[in-house]
2 protein chains.
Amino acid sequence: MVRETNDAERPLRADAARNRTKILEAAAQVFAQRGLEATLDDVAEAAGVGVATVYRRFPDKGALVVALFEDAVEEIAALARRASDFEDSWAGLTFFIEEVLQRECANQGLRDVIVGSPYARERMALAKQRIGPVLGELIARAQREGLVRADLVESDVLVIEMMISTLGGAANKAAPDLWRRYLALALDALVTRRDAPRSLPAAPSAEVVLEALRASTARRGALRA
Amino acid sequence: MVRETNDAERPLRADAARNRTKILEAAAQVFAQRGLEATLDDVAEAAGVGVATVYRRFPDKGALVVALFEDAVEEIAALARRASDFEDSWAGLTFFIEEVLQRECANQGLRDVIVGSPYARERMALAKQRIGPVLGELIARAQREGLVRADLVESDVLVIEMMISTLGGAANKAAPDLWRRYLALALDALVTRRDAPRSLPAAPSAEVVLEALRASTARRGALRA
DNA sequence: CATCAACCGGAGGCATTCACTCCGTTTTTA
DNA sequence: TAAAAACGGAGTGAATGCCTCCGGTTGATG
């Protein structure tokens, strides 16, 4: 799952290698749950390790983030290619949107990376350059076939995913599938025409939704006292 | 526009009253643009006044926020009532959503208040208790008339407004009307059935959109380096 | 089993941010 | 003109967060 020690260097001592793994696992867990705003101290604690040990393996927070998420980003690029191979372009498009959204909602850290965290900014910019055209072509095909509204633009998809994942990630504990409701709603907006609306996954109680709402906008300072 | 000095107290000195006004105006401006995460030091500077002067007039940040936004919140409650008076329930609903959204997008501070900033939390909770039923009834009426999808729920409206205003507020400088595009999209999702999609306000360049995206999720730490 | 490089932990260092206060000076009012 | 009111902005204290230092421990090696 994670690349072993650098190729040209002598292997790590057994305990060091063990700790490196523990760190990556803990980081995956912590960043997924709390996003990149989690501290390396948090990661260290979750790994049952001192902070210094983390910094001994990874020069800084950004390095750890990149190590953790480059696979995930790669996977998204692969999803775009798979989506564009669908016979049914609309199915391909929804496939892509849903798969990405699911990953973003399950993983706040991934979402931060995608939306442009400076910890992995240019890495992500590169990926976007590859994904963009593929996605754009898929949309164009769906439009040619009259399945998707003609005025839809590639960046709309990004925006929609960002809007939904903001809520989805925050709601994760109380209502892990809340995002599916708004995905369904969004998809209904993308088609050229429809008769009956597709059925929506059930909404949780208003309290849960409101709480998710608040959590999702937690720009510090604005929302914490 | 803003209430004068407290009723029972002796009137402020001329310069003090003048400054109080300048502070409120500056705060309105600053909070609108940058949200409640703006500092009282920022407000003071914008007002051309020392921080102490701000604190002399308002015991703390929360007091200033409440003084600034209670009218705006009240106005939203009024909008809900006006909306429910519409003959055409769908028109009423879209009226409400659009008016609120416009205010939220033009005013990040208002958005923070609505979404649950602790600076005005219970104030807002009270307002929601009044607005909720009115909005709920309006939705129910539109559903009875077959205009709005049957599975729409009151909190959905809140969620949609929050999702769009997140983006809209952030995009304010580069693309002040970007939110209208996603509002149009969202409305297309709410109706029971439609043939042609309503036309969408034009999308700005992808760069602008991406930048807005990034700005809108600026949870500090996750996105600032 | 002895040696020592590699590794470990976690207490700080350092820089930043932000709400709020203190106090010597200035302005208003009576 | 003098006292009361108000002023400004440097300063305080409390977080927060990235990262480092260093005295002690542990694992590979002969």
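Letters go in sequence order (proteins before strands), and every chain restarts at 1.
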J.: Residues two or more places apart in sequence or in another chain: which of them pass side chain to side chain donor-acceptor pair (under 3.5 Å) with E154(A)?
T.: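 Partners of E154(A) by the side chain to side chain donor-acceptor pair (under 3.5 Å) criterion come out as none, since no residue qualifies.
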J.: With a 4.0 Å cut-off on heavy atoms, is D60(B) in touch with a base, just the backbone sugar-phosphate, or nothing at all?
T.: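 Contact class for D60(B): sugar-phosphate only.
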J.: Using a cut-off of 4.0 Å between protein heavy atoms and nucleotide atoms, how would you tag nucleotides 21-27 of chain D 5' to 3' with B, S and -?
T.: B----BS
J.: Using a strict 4.0 Å threshold on nitrogen-to-oxygen distance, state whether E25(B) and K22(B) make a salt bridge.
T.: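 Not counted as a salt bridge, because no side-chain N and carboxylate O are separated by less than 4.0 Å.
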J.: Whole-Å distance between dT16(D) P and R34(A) CZ?
T.: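 Those two atoms, CZ and P, are 11 Å apart.
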J.: Give the nucleotide from the list dA6(D), dA11(C), dC8(C) with an atom nearest to the side chain of A16(A).
T.: dC8(C)
J.: Got a list of side-chain donor-acceptor pairs under 3.5 Å for residues 124-139 of chain B, not counting sequence neighbours?
T.:
| unit_1 | atom_1 | unit_2 | atom_2 | d |
| --- | --- | --- | --- | --- |
| K128(B) | NZ | I114(B) | O | 3.1 |
| R130(B) | NH1 | E74(B) | OE2 | 2.9 |
| R130(B) | NH2 | E74(B) | OE1 | 3.2 |
| R130(B) | NH2 | E74(B) | OE2 | 3.3 |
| E137(B) | OE2 | R144(B) | NH2 | 3.0 |

J.: Considering just the side-chain nitrogens and oxygens of T53(A), establish if one lies under 4.0 Å of OP1 or OP2 belonging to dG9(C).
T.: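 Yes.
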J.: Counting the atoms with a prime plus P, OP1 and OP2 as sugar-phosphate, which does N19(B) contact under 4.0 Å by heavy atoms, base, sugar-phosphate, or nothing?
T.: sugar-phosphate
J.: Starting at CG of D42(B) and ending at C1' of dG9(D), how long is that distance when rounded to a whole Å?
T.: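 Distance, rounded to whole Å: 15 Å.
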J.: Mind checking what makes salt bridge (Lys or Arg N to Asp or Glu O under 4.0 Å) contact with R56(A), not counting sequence neighbours?
T.: none
J.: Sequence neighbours left out, what pairs pass ring-ring contact (aromatic ring centres under 6.0 Å, His included) with at least one residue falling in residues 94-114 of chain A?
T.: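 Output for this query lists F86(A)-F95(A).
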J.: Excluding sequence neighbours, so at least two apart, what forms salt bridge (Lys or Arg N to Asp or Glu O under 4.0 Å) with E75(B)?
T.: R103(B)
J.: So if I take every side-chain heavy atom of L12(B) and compare against dA6(D), dA19(C), dG10(C), which nucleotide ends up nearest?
T.: dA6(D)
